[in-house]
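First listed ligand is number 1; within each ligand, the first listed atom is number 1. Residue indices begin at 1 and follow the sequence shown.
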Amino acid sequence: MDASKSSPFIGLRAVFLIGFMGSGKTHWGKIWAAVNQLSFVDLDEVIENKAGKSVAAIFDTMGEDHFRELEAAALRTCIDLKNTIVACGGGTPCFYDNMQWMNDHGTTIYITCTFEEIYQRILAEKEKRPLLKKINRAELIFFIEQKLKEREPFYKQAKSMVQSSLLTENSFPGIIAVSTT
Ligand code: S3P
């Protein structure tokens, strides 16, 4: 989508949505981009297109470390993006210096969720997620608790934080006003 003509956000640097799996980064990113005449990029899709295989296949055949390298490289292709919302993967801010890089090159928004919200959402699509497909419900609870604890220090470096349950299709201008000041 060419956002340069009609968007009220002319000159806006890339807006990176971060947060745990299931927090709604892709969901809200697509909606806010459409409502505000911005472009939308899903970082997992950038990785998949470049690698010619799905995220799940990359994890299976090459392992997580290799995925994280591809992810860091894909993120850096966003360097010149303007008027674009980028939905990151749940782990993106937590590897290499990705979080610092995003804060240096754009705006970062952390979509926060309660444990219960995350659990319910990712339980429903567990099979699709490489980090989760082999674990049972009890292990899933442990996984979410551990990973949230480990990842929150990175997520909390975001320029603004928004609670997932309060978001609407009209939330974006208010969030951006806070995160770019
Ligand atoms: C991951 C989250 C996924 C994807 C990969 C790893 C993670 O993205 O990047 O499976 O480490 O949390 P979503 O958060 O969009 O599901």
Practice problem: Examine the side chains of R76 and N98 and answer whether a donor and an acceptor come within less than 3.5 Å of each other. | Solution: yes
Can you give the donor-acceptor pairs under 3.5 Å from side chains of residues 135-142 to other protein atoms, not counting sequence neighbours?
residue: N136; atom: OD1; partner: A138; partner atom: N; Å: 3.1
residue: N136; atom: OD1; partner: E139; partner atom: N; Å: 2.8
residue: E139; atom: OE1; partner: N136; partner atom: N; Å: 2.9

Exercise. Classify the ring geometry between F16 and W101 as parallel (under 30°), tilted (30 to 60°) or perpendicular (over 60°).
Key: perpendicular
Quiz item: Can you list the residues that meet the side-chain hydrogen bond (donor to acceptor under 3.5 Å, both in side chains) rule with D60, with sequence neighbours excluded?
Solution: K133
Practice problem: For residues F172 and F9, establish whether the separation of their ring centroids is below 6.0 Å. | Solution: yes
Extract all N/O-N/O pairs under 3.5 Å that connect ligand 1 to the protein, and present each with both atom names and the distance rounded to 0.1 Å.
residue: ligand 1; atom: 8 (O); partner: D44; partner atom: OD2; Å: 3.0
residue: ligand 1; atom: 9 (O); partner: D44; partner atom: OD1; Å: 2.8
residue: ligand 1; atom: 9 (O); partner: D44; partner atom: OD2; Å: 3.2
residue: ligand 1; atom: 11 (O); partner: R68; partner atom: NH2; Å: 2.7
residue: ligand 1; atom: 11 (O); partner: R151; partner atom: NH2; Å: 2.8
residue: ligand 1; atom: 12 (O); partner: G91; partner atom: N; Å: 3.4
residue: ligand 1; atom: 12 (O); partner: R151; partner atom: NH1; Å: 2.7
residue: ligand 1; atom: 14 (O); partner: K25; partner atom: NZ; Å: 2.8
residue: ligand 1; atom: 14 (O); partner: G90; partner atom: N; Å: 2.8
residue: ligand 1; atom: 16 (O); partner: R129; partner atom: NH1; Å: 2.4

Practice problem: Using side-chain hydrogen bond (donor to acceptor under 3.5 Å, both in side chains) as the criterion, list what pairs up with T84, not counting sequence neighbours. | Solution: none
